[in-house]
Amino acid sequence: MKSVLQVAFFVLLCLDAAAQESDAKAILKRIQSSREDTNRVLAYIDYGQVLENENLDSAAKYYLLAGQLSKKLDYPAGSFKYITYYTYVLNLKGKFEQALKLNKESLVIARKMKSQLNMAKSQANIAASYTYLGNFREAVKYYQQAAGNLEKLGATQYLPRLYVNIGSAFEHANLFEKSLTYKQKAVSLARQQKDSLQLADLITNIGNTYFNLKRYKEAETHLKEGLAISGKIGADMFVIQGYTGLCRINRARKKLDEARNYGEKALTLARKAGNVFLEMEALRALMFVAEDSNQTDLSAEYTGQALKIAEENGMTDHLIELYEDYATDLYRQNRHRSAYDYLLKYVQLNDSIQGADVQKQLQELDTKYETAQKEKQIVILENEKQTRNTLIYGLIAGLIVLLVIAVLIYRNIVIRKRIAENEVTQLQQEKQLVATNSILKGQEEERTRVARDLHDGLGGLLSGIKLTLNSVKGNVILPEESALTFTRALNQLDGAIGEMRRVAHSMMPETLVRFGLIDALTDFCDGISTSGTLKVTMQHFGLEKRLDSSVEIVLYRIVQELLNNVLKYAEATEVQVQLTKADHVVSLTVEDNGKGFDLAALEQNKGAGFRNVQARVDYLNGRLDIQSAPGEGTSILVEIEI
C-alpha cells in the first residue's frame with residue numbers, strides 16, 4: 001500500500017492581498033465604517049483571509065458576503081476576488097465539484113474584464129480543482145495554459161505555486177521524477193522571492209515528494225525546514241502537513257512511537273481547523289502506524305474515518321488508496337465478502353484513473369508544453385538574428401535567390417526519388433502481406449480440414465473398431481493371458497482415440513467454432529492451469545457479441561503461441577490473459593511473472609514463436625507491443641481495429 005500523495009493545498013494565486021498580516025480589529029473597523037460599496041467588498045475579503053488559519057467556516061462567511069455585495073454593485077473585480085478566495089476554502093473542505101463550477105465562472109468574468117492576469121489565475125484554479133477530482137489530464141492542460149499566460153506577462157511571482165501544482169498533478173499519476181523536476185523549479189524561485197508563507201507551502205510539499213521517492217533523509221530535512229517556517233508565521237495548515245509527513249517518515253524508519261506522536265498532533269490541529277482534507281491525510285498516516293503496530297482494530301477505525309471523509313467529499317484519487325486499505329483491514333477481521341467488495345471498487349477506480357493511458361496522456365501534454373517553450377525561444381532567437389543581419393541579407397539577396405532556386409530543384413529531385421522509393425517499398429510490403437495472409441489463411445483452412453478429417457474420419461473408424469472389439473470380447477471365451485492382452489489392446493485403442501481427439505482439438509478447437517473465442521480461450525487457459533505447471537487467469541470485458549470467425553481464430557492462435565512460449569522459456573508461475581473491446585478496438589494482453597528477457601536481444605534474434613505472433617498481428621493490421629526486462633516478467637499487448 002502506498003502513501004497518500006500530497007496535494008498543493010494553497011489554491012494557486014491567492015496572493016494579491018496581504019490581509020494575513022493585517023490587524024483584524026482595523027479590518028473590522030473598515031467594514032463597520034464603510035458604506036455598501038467596493039471598499040466594503042475588499043474589507044470582507046481581507047477579513048476572510050485573516051480567519052482562514054483559524055476557522056474555515058468563518059472565512060467562508062465573509063467571502064460569501066463579498067460575493068453577494070459584488071453582485072449587487074455589479075463589481076466584476078470583486079466577484080472575481082470572491083470566487084478566487086472562496087473556492088480555496090471549498091477545496092480545503094473537500095467540495096471540489098462546487099469549486100470547479102465557480103472557478104469556471106471566474107474565467108468567464110476574467111475574459112469579460114479582458115485581464116490576461118486574471119485569466120491565468122482562473123485557469124490555474126480550474127486546474128487545481130481538476131487535480132482534486134483526479135482528472136490529471138485536464139489539470140495539466142489548464143496549468144500549462146496558465147503558465148504560458150504568466151510567462152508572457154512576465155508575472156514570475158506567481159510561477160512557484162503554479163510549478164508546484166503541475167508537479168502535484170504528475171505526482172498523482174505516479175510520475176514522481178517528473179513531479180520533482182517541477183517542484184524543484186518552484187522552490188528555487190520561491191527562495192529568490194523570500195515569501196515566507198509561499199516558501200513554507202512549497203518546501204513542505206517537496207518534502208512529501210522526496211518521501212514518495214523513498215529519499216527519506218532529504219524528505220525529513222525539507223519537512224523540518226517547512227515546519228520551522230510555518231511555526232514562525234503561524235501557518236497551521238503547513239504545520240499539519242509537516243507533522244503528517246514526519247509521521248510517514250518515522251513510520252518508514254520503524255520509529256513507530258515518534259510516528260504516532262506526529263500523526264496525533266496533525267490530526268488534532270486538522271480537526272481544530274475544520275480542514276477535512278488534512279484530517280484525512282492524518283488519519284491515513286495513523287492508520288499505517290497502527291497497522292505496523294499490529295493494532296488491526298485501530299487501523300480499521302482510522303481507515304473507516306478517512307474513507308467516510310473521502311466518500312462524502314468526492315475525493316476520487318484518495319478513494320483508490322482507501323478502498324485498498326479498507327479491504328485489507330476487513331480481510332484481517334475475517335469479513336471476507338466485504339473485503340472483496342472494497343477490493344473490487346479499488347480495481348475499478350484504479351483502472352480508470354491511474355492506468356497507463358493516463359500516464360501516457362500526461363507525458364504527451366508535458367512534451368507538447370516543453371516543445372512549445374522551445375519554439376518560443378527559437379522564435380526569439382530568430383528575430384534577434386534577423387535584426388542583426390538585415391544589411392547582410394540585402395547585399396547577398398541575389399545569391400540567396402539563386403541558392404533557393406538550386407535548393408528547390410534539388411529538393412524536388414530528392415522528393416521524387418523518395419516518393420518512388422516509398423512506392424516500391426509499399427508495393428513490396430503489400431506483396432509480402434498478401435503472401436503472409438494467404439499462408440495464414442491456408443494454414444487455418446488446412447488445420448480445419450485435417451481436424452475435421454481426423455475427428456469425423458479416423459475418429460469414427462477407431463470408435464467403430466472399439467465397438468467391434470467390445471462385441472467380440474463379450475461373445476468369445478479367451479484364455480486368461482489372451483484376455484489380458486485383449487483388454488490392454490482396448491485400453492491402448494482408447495488412448496489412441498483420446499490422443500486423436502486432442503490433436504484435432506488443438507488444430508481447431510470445437511469450442512472455438514461452436515461457442516466463440518471467449519469460451520475457447522477459457523477452456524485452453526483452464527486446461528493449462530489444471531496441469532499444475534502454470535496458473536493462468538483469463539479476464540474479458542466488452543465482448544458480449546462474437547467477433548468475425550477469422551479474427552477469433554487468429555487471436556486464439558496468438559494466445560496459444562504466447563502461452564506456449566511462457567511454458568517453454570519464462571519459468572513463470574502465474575499468467576494473466578485479458579481480452580477487451582472498446583468501441584472498434586480489441587486489446588489482448590498477456591502478462592507473466594517469469595524471468596523476462598532483454599528486448600534488445602529479441603530485436604536482433606526473434607524466435608519462430610514471436611515471428612508467428614508478429615505475422616498474425618500483421619494479418620489483422622494490428623499493433624504488437626512487448627515490454628520486458630530480466631527478472632521483471634513480460635507484458636505483451638496486441639491491439640486491432642475491427
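In this chain, residues are counted from 1 in sequence order.
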Worksheet entry | Closest contact, heavy atoms only, A139 versus T131 |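 Closest approach of A139 to T131, heavy atoms only: CB-OG1, 3.3 Å.
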Item to complete: State whether E218 and K183 are salt-bridged, where the test is any N-O pair (Lys NZ or Arg NE/NH1/NH2 against Asp/Glu carboxylate O) under 4.0 Å.
Response: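 Not counted as a salt bridge, because no side-chain N and carboxylate O are separated by less than 4.0 Å.
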Item to complete: To the nearest 0.5 angstrom, please state how far the CG atom of L100 sits from the CZ atom of F96.
Response: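 Here the interatomic distance stands at 11.5 Å.
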Discussion item. So which atom in L202 and which in A186 form the shortest heavy-atom distance, rounded to 0.1 Å?
Written reply: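 The answer is CD1-O, 3.7 Å.
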Discussion item. For S122 and R111, which I'm curious about, is there any donor-acceptor pair between the side chains at under 3.5 Å?
Written reply: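 There is no such pair between these side chains.
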Item to complete: Look at the aromatic rings of Y62 and Y44 and report parallel, tilted or perpendicular, splitting at 30° and 60°.
Response: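 Aromatic pair Y62/Y44 classed tilted.
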Discussion item. Less than 3.5 Å apart, any donor N or O on the side chain of Q539 or Q578 sitting next to an acceptor on the other?
Written reply: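 Yes, side-chain donor-acceptor contact under 3.5 Å.
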Worksheet item: What is the minimum heavy-atom distance between L227 and V239, and which atoms define it?
Response: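 Heavy atoms only, the tightest pair is CD1-O, 3.5 Å.
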Worksheet item: Do side-chain atoms of S188 reach the backbone of Q184 as a donor and acceptor pair under 3.5 angstrom?
Response: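 Looks like no, no N/O pair under 3.5 Å.
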Worksheet item: Are T87 and N103 close enough that a side-chain donor and a side-chain acceptor fall under 3.5 Å?
Response: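 Yes, side-chain donor-acceptor contact under 3.5 Å.
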Worksheet entry | CD on E301 to CG on L286, rounded to 0.5 Å |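 Nearest 0.5 Å value for the CG-CD distance: 10.5 Å.
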Worksheet entry | K93/E279 salt bridge by N-O under 4.0 Å criterion |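 Looking at K93 together with E279, the answer is no, because their closest N to O distance does not fall below 4.0 Å.
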Worksheet item: Nearest heavy-atom pair of P160 and Q198: which atoms, and what distance?
Response: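 What the structure gives for the nearest pair is CB-OE1, 3.6 Å.
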Item to complete: Please name the pair of heavy atoms, one in V187 and one in L199, separated by the smallest distance, quoted to 0.1 Å.
Response: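 Looking at all heavy atoms of both residues, the closest pair is O-CD1, 4.5 Å.
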Item to complete: Verify, without hydrogens or angle tests, whether N208 (side chain) and T204 (backbone) share a donor-acceptor contact under 3.5 angstrom.
Response: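 Looks like yes, one N/O pair under 3.5 Å.
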Worksheet item: Does the distance from a Lys or Arg side-chain N to an Asp or Glu carboxylate O, for E220 and R215, drop under 4.0 Å?
Response: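 Salt bridge absent between E220 and R215.
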Worksheet item: Can you check whether I240's main-chain N or O pairs, donor with acceptor, with T244's side chain at less than 3.5 Å?
Response: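 Yes; at least one donor-acceptor contact below 3.5 Å.
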Fill in: Euclidean distance, T181 OG1 relative to F176 CZ, rounded to 0.5 Å
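Reported value, rounded in 0.5 Å steps: 13.5 Å.
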Worksheet item: Going by the angle between their ring planes, with limits at 30° and 60°, are Y130 and Y142 parallel, tilted or perpendicular?
Response: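 If you compare the ring of Y130 with that of Y142, the planes turn out parallel.
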Worksheet item: Of L56, L269, L278, which meets side-chain contact (heavy atoms from CB on, under 4.5 Å) against M237?
Response: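 Result for side-chain contact (heavy atoms from CB on, under 4.5 Å) with M237: L278.
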Worksheet item: Are the side chain of S299 and the backbone N or O of Q295 linked by a donor-acceptor pair below 3.5 Å?
Response: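 No.
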Worksheet item: Does R30 pair with D46 as a salt bridge, N-O distance under 4.0 Å?
Response: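 A salt bridge links R30 with D46.
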Worksheet item: Can any side-chain N or O of N91 pair as donor or acceptor with the backbone N or O of G94 at less than 3.5 Å?
Response: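 No.
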Worksheet item: Where the side chain of K581 meets the backbone of D583, is there a donor-acceptor pair that is under 3.5 Å apart?
Response: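 Yes, the answer is positive, given that a donor and an acceptor are paired below the 3.5 Å cut-off.
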Fill in: Side chain proximity check, N125 to S106, heavy atoms < 4.5 angstrom
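A side-chain contact is absent here, since even the closest heavy-atom pair is not under 4.5 Å.
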Worksheet item: So Q145 and M119, side chain to side chain contact (heavy atoms under 4.5 Å, CB included) or not? Walk me through it.
Response: CA-CA 10 Å; Q145 290 176 5; M119 285 170 62; over 6 Å; no
Worksheet item: Are the aromatic rings of Y63 and Y86 close, with centres under 6.0 Å apart?
Response: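 Centroid distance Y63-Y86: not below 6.0 Å, so no.
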Worksheet item: Run the side chain to side chain contact (heavy atoms under 4.5 Å, CB included) check on E291 and R251 step by step: do they pass?
Response: CA-CA 10 Å; E291 181 178 271; R251 178 247 174 179; 4.2 Å; yes
Discussion item. Please report the interatomic distance CD(Q192) to CG(L189), rounded to the nearest 0.5 Å.
Written reply: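 That separation rounds to 5.5 Å.
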Fill in: Side chains of Y262 and N250, donor plus acceptor under 3.5 Å
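Checked: Y262/N250 side chains show no N/O donor-acceptor pair below 3.5 Å.
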Fill in: For the student: nearest non-hydrogen atoms of L102 and I83, plus distance
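Smallest heavy-atom distance, with atoms named: O-CG2, 3.3 Å.
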Item to complete: State the CG-OH distance between L175 and Y182, to the nearest 0.5 angstrom.
Response: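 Rounded to the nearest 0.5 Å, the CG-OH separation comes out at 11.0 Å.
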Discussion item. For a 4.5 angstrom cut-off between non-hydrogen side-chain atoms, does F211 reach K214?
Written reply: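 Result no, sub-4.5 Å side-chain heavy-atom pair not found.
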Practice prompt. Please find out if less than 6.0 Å separates the ring center of Y163 from that of Y143.
Written response: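 No, the ring centres sit 6.0 Å or more apart.
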Worksheet item: Is a side-chain donor-acceptor pair under 3.5 Å present for Q157 with Q193?
Response: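 Looking only at side-chain atoms, Q157 and Q193 do not form any donor-acceptor pair under 3.5 Å.
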Worksheet item: Are any of the side-chain heavy atoms of I206 and V164 separated by less than 4.5 Å?
Response: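 They are not in side-chain contact.
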Practice prompt. Flag the pair R260 and D257 as a salt bridge only when some basic side-chain nitrogen lies within less than 4.0 angstrom of an acidic carboxylate oxygen.
Written response: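 Salt bridge flag = yes for D257 with R260.
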Discussion item. Are Y243 and F238, when compared by the centres of their aromatic rings, separated by less than 6.0 Å?
Written reply: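 No; F238 has its ring centre 6.0 Å or more from that of Y243.
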Item to complete: Tell me yes or no: between the side chains of N149 and Q123, is some donor less than 3.5 Å from an acceptor?
Response: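 Per modelled atom types, N149 and Q123 side chains form a pair under 3.5 Å.
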Fill in: Spacing of S129 atom OG and Y132 atom OH [to the nearest 0.5 Å]
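It is 8.0 Å, given to the nearest 0.5 Å.
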Discussion item. Can you confirm whether more than 12 heavy atoms, excluding those of K224, are under 6.0 Å from its NZ atom?
Written reply: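 Atom NZ in K224 is not packed in, count stays at 12 or less.
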Fill in: Close side-chain approach of L51 to Y47, heavy-atom, < 4.5 Å
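A side-chain contact exists here, since the closest heavy-atom pair is under 4.5 Å.
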Worksheet item: Side-chain donor-acceptor pair under 3.5 Å between Q627 and S635, yes or no?
Response: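 Their side chains do not contain a donor-acceptor pair, so the 3.5 Å distance test is not met.
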